[in-house]
Amino acid sequence: MQIIHRLTVVSNPTRVFEVGTEIDGREVIEIKQVGEEYEDHIHSEYYVLDENSHLITSVENAPVIVDYRQIVVHDSEDVDVEELKAATGTTAQQSCCLCEEAAELELENGRFICCTCAQIQGELAEM
């Protein structure tokens, strides 16, 4: 099972939301992807939730870097959901949709792209 462990909003200034950290005195327990795919576009949205499942912030249609954690569930009856959400593990790698190398940037359509390909795409767009 994979969970979103860290969400980095690529902006000025860069904002980082990470499970287990505090924001304004509230602990981040879960980062949830809630966007939807439509026929003609994708609405990208993430919720950052506190220990009471209350919304701390939402991030809409912004370039983000999503870090996932792989967690292992041994027995579904004995799993504490809050403990599971805050679990640590190894970061899962996403592949670039262009070159298939490790990717760090998530596109609006939910696919991933590496920094090198993003830079090339940016340079091509300026031509």
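Side chains are part of it too, since the values below use all heavy atoms of this structure and drop only hydrogens, waters and symmetry mates. Just so it is clear, the model here is predicted, and its values are computed rather than measured.
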Handout entry: Candidate list Thr8, Val10, Val9, test side-chain contact (heavy atoms from CB on, under 4.5 Å), partner Val64, passing option
Key = Val9
Looking only at heavy atoms, which two atoms of [X] and [Y] are closest? And how far apart?
{"X": "Ile31", "Y": "His5", "answer": "CD1-O, 3.8 Å"}
{"X": "Leu7", "Y": "Tyr46", "answer": "CD2-CB, 3.7 Å"}
{"X": "Lys32", "Y": "Leu49", "answer": "CE-CD1, 4.0 Å"}

Would you give the length of the straight line joining atom [atom1] of [X] to atom [atom2] of [Y], rounded to the nearest 0.5 angstrom?
{"X": "Glu45", "Y": "Gln33", "atom1": "CD", "atom2": "CD", "result": "10.5 Å"}
{"X": "Ile56", "Y": "Tyr47", "atom1": "CD1", "atom2": "OH", "result": "14.0 Å"}
{"X": "Glu27", "Y": "Asp50", "atom1": "CD", "atom2": "CG", "result": "9.5 Å"}

Exercise for the section: May I ask you to check whether over 12 heavy atoms, not counting those of Arg15, lie within 6.0 Å of atom CZ? Expected result: no
Handout entry: Greater than 12 external heavy atoms within 6.0 Å of Asn52's CG
Key = yes
Side chain to side chain, [X] and [Y], heavy atoms closer than 4.5 Å:
{"X": "Leu55", "Y": "Val48", "result": "no"}
{"X": "Glu18", "Y": "Val28", "result": "no"}
{"X": "Tyr68", "Y": "Ile4", "result": "yes"}

Exercise for the section: Find out if a path of hydrophobic residues (ILVMFWY) with successive side-chain heavy-atom gaps under 4.5 Å connects Ile29 to Val34. Expected result: no
Practice task
State plainly whether one hydrophobic cluster holds both Ile23 and Val19, where clusters connect Ile, Leu, Val, Met, Phe, Trp and Tyr through side-chain heavy atoms under 4.5 angstrom apart.
Solution key: yes
